[in-house]
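Letters A, B, ... mirror the listed sequences (proteins, then strands); counts begin at 1.
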Amino acid sequence: MSPNTPSADKPYDHLQIETKWIDAWSADPALYRALDDGSKPRYYVLEMFPYPSGRLHMGHVRNYSIGDTLSRYLWMRGFDVLHPIGWDAFGMPAENAAIKNKMHPRDWTLSNIAAMRQQLVRMGFSYDWAREVTTCLPDYYKWNQWFFLKMYERGLAYRRMGKVNWCPDCATVLANEQVEEGRCWRCSSVVEKRELEQWSLKITHYADELLAETYTSLEKGWPERVLTMQRNWIGKSDGAVVDFTYAVTGEKIRIFTTRIDTIYGATCLILAPEHPLVARLLTGDAYTPVQAMIGEVNKQQEPGVEVDKQGLFTDHYAVNPFNGEQVPIWVGNFVLLGYGTGAIMAVPAHDERDFEFCRKYAIPVRPVIRPVDGPLAAEPGMKAAFGEYGVVENSGAWSGLASAEARKQMAAHAEAHGFGNAATTFRIQDWGVSRQRYWGTPIPMIHCRAKCGTVPVPYEQLPVELPYNVEFTGKGRSPLANIPEFVNVACPRCGAPAERETDTMDTFVDSSWYFFRYTDPQNPALPFDPAKAQPWFPINQYIGGVTHAILHLIYSRFWTKVIRDIGMTTSNEPVTNLFTQGMVQLGGKAMSKSRGNVVDPDDMVRKYGADTCRLFALFAAPPERDMEWSEASVQGQYRFLSRVYRFVTRNAAKARALEGTSGAADRQALRKLHQTLQKITADFDNRWHFNTSIAALMELMNTLEKHEAGLTGAAAAEVLEKLCLMLHPFAPFISQEIWCVELGREGQLIRQPWPEANADLAREEGAEVPIQVNGKLRAKMVVPFGTAKEELERLAQAEEKIKPWIEGKQIVKIVCVPDKLVNIVVKG
RNA sequence: GCGGAUGUGGCGAAAUUGGCAGACGCGCCAGACUUAGGAUCUGGUUCCCGCAAGGGAGUGGGGGUUCAAGUCCCUUCGUCCGCACCA
């Protein structure tokens, strides 16, 4: 057969190809294993590990396709890549399944994991399965308990009363994310707030550092959106605390304000209904309305609806330390106990909320700040509060100062006289980790009623294992509380009868440090060996959904700082670069079971193959944007892969023969090949717009098919080889098949070096220069690169299509950008 | 209300540094091959006028800077997502 005669092409049989390579790759466990020996530069690619619901969904496919494409590219670029996966395996769905189907959470979870592991393997993702981590197994959650004890020792884990989301129907606490629009996600009951004693982790200890790093080490590598959300969540607020004095007993009532400069305008104090002082100011029948108010506040309000401000006068007064004035003490439903000191001074003239409250209850409004360029507001008659900075008036010695200056001086004055000081508060609260749940990490604490109180479980007794035999009713206390063998223990300190803590940990604990465990997943003595972890930290690239922008990503940052402070890492932050991919939608809405608009990846893989699915997940939109699922468009990707496969099979013999004299077709093909290589390499290195990378591969195929007849051996060989290499990160199966079967090469593509683009071959023969007249495109011409300005201007004016546009007109000026454009500006 | 994102053909999108708007794909139209086509291949496809050559308009709306604006500035509208009495 002559090398230039196309041979018959082979149809693309995705099923045969993909099953064959899954078997081959599964038989080679070292294939995706990091060398971890320092012989090559390291790169840690981490994707958010999945909750094992039992089925992979399209969001996973997209997330993991991005990570896998990147990992394969990095391998080919010579990095030692750590690319692990695991299972975020504790959580409520397992318990709900247990209640519903009478299946044990452990069995349910482990069988889900087995199913999903198969699905991930089927997708061709390059995970190092030897590092698989499963958080619901004792060899993992033992270390949650270990960290908990370490935190307890350092005062970072403690017990306190705290407000929790309480579902009255399920009779249990719900995590914040399990409350949907004020209702229980499982039974749709309206969720209440309830005070419960629970274990908390002192994330506020790191609040300042967590905030500061968003402006420094994270600023370059994290999306601005995520940083903004975290800053808002942390909610640092600079102000001052001031002690008012309760007129009867002389005790202090501490308030927090950011506007101490307005304190001469304070016309009352307002306490949160749960403020401890309230129960002493109002006793007996007088307290009843407060209880009602607390009840109201604790009912979850409908989102988006502003609750009416309610107040109660206590009939008591407090003294303003700045001017000695007595102001009435009120109770207000809008004052939050959990923020600041749980008490505020109301300055109605300069705070919108205070204004609304005081007008409602006819409390005086006294303006003390005037705009820099205007007079003090007239009262009576004020229609709204003036909340901005200005100039202080009617404020004794501070009158005339600018607000900013007054804030400093007045805080200093308060401190000097012992009734206050400058102070900072945070919106972020300590992390309540107790859950009245079975399927989580047991909190390793024992309550000794005899004398020792709360005693930590000794390290050598870890893990505190979850008992297997347990009954699930979905009602009442934690299921663990009903198991005497679990609850009843001897106090580790005095040996007296004692009870185990029956709460389990929030599942966000599990995901707060799993990425450390990947570096040393089987360590029996420690969560991980610092010497093994440190070379991989901080993580080069983390990829996941923006839904975790706050909770998981703040908890992980917190946990890393704790790990640092106990001397197990030198990294301040876990993640250098964060990438948040967009959601997969159908019909403009996020795919979800309740909407009934899910597309099952399994069906798609069966029909079109994993390569096609991966390609579509990357092609439909840039990775950071939401994408719309479209099966018609999926078929387009399948067509593309078919074209690639048939093109290769038609031309493989020719390429192997290496015959023929290179001609114009070869030059065209090689030019496009190297242009594509430049384009794709740039996409990887700069911005991960894989949709344009794949479009470039399609363009390449269009060009190759156009010049197929004239393509000769040597050029064909180069084209097929490099096409195959470039395709591999996106479509690993078909590229590996072509490499071995059609091109007769050996070895795994992931181990091949990424090809270098040849800039000389990529260069066009000449520059196509558009010619504009008054900014409008009128003609184009092809000139040699580097043609001088004068020559370009001459050629442009000589163009036949240009002449009619400039004839008889005055040329005002000619803008000429060599190799780019000529614009002739004419008048008349 | 505050903060953020986003707005380009019938659809998903591209245009990376102010320099040819719509690459690539889907869909659609026409044709080829075919017993057949929901396979494959070829050509066309922003809108308006025109048989065509060609011309005009055009990146949510309005205004501006510039030889030149999807891109920069001002203003306005729509959509989506966070947060939402945080003193």
Side-chain angles (χ1 to χ4, degrees), chain A residues 9 11 223-229 231-233 235-237 239 255-259 262 270 301 303-309 332-336 338-347 350-354 356-357 387 425-429 546-547 549-550 582-583 585 588 590 615-616 619-622 624-637 639-640 642-643 646 679 682-683 686-687 689 691-702 705 768-780 801 812-817 819-826:
Chain A
D9 50 7
E224 189 55 39
R225 181 163 60 133
V226 173
L227 294 178
T228 304
M229 283 165 80
R231 286 168 195 151
N232 292 340
W233 185 263
K236 183 175 179 170
S237 180
I255 61 103
F256 174 78
T257 177
T258 54
R259 293 297 303 275
T262 65
I270 311 175
Q301 65 251 38
V305 180
E306 186 123 324
V307 176
D308 274 344
K309 289 186 174 49
N333 64 342
F334 68 101
V335 178
L336 308 172
Y339 183 78
T341 61
I344 63 165
M345 63 171 189
V347 184
H350 303 294
D351 182 284
E352 216 180 293
R353 297 153 302 179
D354 298 348
E356 189 191 329
F357 184 85
T425 61
F426 291 90
R427 206 183 84 108
I428 192 171
Q429 308 255 324
V546 76
T547 38
I550 297 179
M583 286 185 310
Q585 307 182 326
L615 221 48
F616 176 73
F619 178 77
E624 72 277 9
R625 287 244 291 264
D626 288 349
M627 64 173 266
E628 179 72 18
W629 186 266
S630 152
E631 189 167 338
S633 195
V634 172
Q635 290 173 5
Q637 301 308 308
R639 271 199 286 274
F640 167 65
S642 302
R643 277 172 61 206
R646 291 197 312 267
K679 161 78 183 149
D683 278 341
N686 300 334
R687 55 171 204 172
H689 276 201
N691 54 330
T692 61
S693 308
I694 294 166
L697 286 168
M698 290 171 167
E699 281 189 64
L700 173 61
M701 281 310 300
N702 292 343
E705 285 174 343
E768 192 189 45
V769 176
I771 307 168
Q772 298 178 338
V773 178
N774 285 348
K776 290 199 180 184
L777 179 71
R778 296 301 177 190
K780 294 176 185 180
K801 284 185 177 169
V812 180
K813 108 194 232 190
I814 300 179
V815 180
C816 185
V817 184
D819 298 344
K820 282 277 186 190
L821 157 137
V822 178
N823 185 12
I824 304 168
V825 185
V826 298

Checking A:Asp351 side chain against A:Val347 main chain: does a donor-acceptor pair fall under 3.5 Å? no
Look at A:Arg427 and B:rA84 and indicate whether a side-chain polar atom (N or O) is within less than 4.0 Å of OP1 or OP2. yes
A:Thr692 side chain near B:rA23 phosphate (N/O to OP1/OP2, under 4.0 Å): no
Contact class for A:Asn691 (heavy atom, under 4.0 Å): base, sugar-phosphate, or nothing? sugar-phosphate
Between A:Lys813 and B:rC67, is there a side-chain N or O to OP1/OP2 distance below 4.0 Å? yes
Can B:rG9 be described as syn, meaning its chi torsion is within 90° of 0, or is it anti? syn
What is the nucleic acid contact for A:Gly636, judged by heavy atoms within less than 4.0 Å: base, sugar-phosphate only, or nothing? sugar-phosphate
Are any of the side-chain heavy atoms of A:Met345 and A:Thr262 separated by less than 4.5 Å? yes
Indicate, with a heavy-atom threshold strictly under 4.0 Å, whether A:Glu699 touches base, sugar-phosphate, or nothing. sugar-phosphate
Under 4.0 Å between any heavy atoms, over every strand shown, what does A:Lys679 touch: base, sugar-phosphate, or nothing? Just pick one. base
Pair partner, B:rU79 [Watson-Crick or wobble, under 3.5 Å]: B:rA5
Can you tell me the distance, in whole Å, between the CD1 atom of A:Ile270 and the P atom of B:rC85? 15 Å
Look at A:Arg225 and B:rC83 and indicate whether a side-chain polar atom (N or O) is within less than 4.0 Å of OP1 or OP2. no
What integer number of Å spans the P atoms of B:rG60 and B:rG12? 14 Å
Could you tell me if the side chain of A:Asn702 sits less than 4.5 Å from the side chain of A:Arg643, heavy atoms only? yes
Counting primed atoms plus P, OP1 and OP2 as sugar-phosphate and everything else as base, spell out the protein contacts along nucleotides 32-46 of chain B at 4.0 Å heavy-atom distance: B, S or - for each nucleotide, 5' to 3'. --------SS-----
If you take atom types as modelled and just measure distance, does the side chain of A:Glu768 reach the base of B:rC20 with a donor-acceptor pair under 3.5 Å? yes
Would you classify A:Val634 as touching base, sugar-phosphate or nothing, given that sugar-phosphate means primed atoms plus P, OP1 and OP2, and contacts are heavy atoms under 4.0 Å? nothing
Nearest to the A:Asn823 side chain among B:rG82, B:rG25, B:rG19, which nucleotide is it? B:rG19
Below 4.0 Å: OP1/OP2 of B:rG56 and any side-chain N or O of A:Arg778: yes
Could you tell me the Watson-Crick or G-U partner of B:rA32, where both distances fall under 3.5 Å? Say none if there is no partner. B:rU40
With distance as the sole test, does A:Arg259 use its side chain to make a donor-acceptor pair with the main-chain N or O of A:Gly387 at under 3.5 Å? yes
Give me the distance, rounded to whole Å, that separates B:rA30 from B:rA69 when you measure between the C1' atoms they each carry. 38 Å
Is there a side-chain polar atom (N or O) of A:Asn702 under 4.0 Å from OP1 or OP2 of B:rG25? yes
Whether the side chain of A:Lys820 and the base of B:rU17 hold a donor-acceptor pair under 3.5 Å is what I'd like checked. no
A:Lys776 side-chain N/O to B:rC20 phosphate OP1/OP2 under 4.0 Å: no
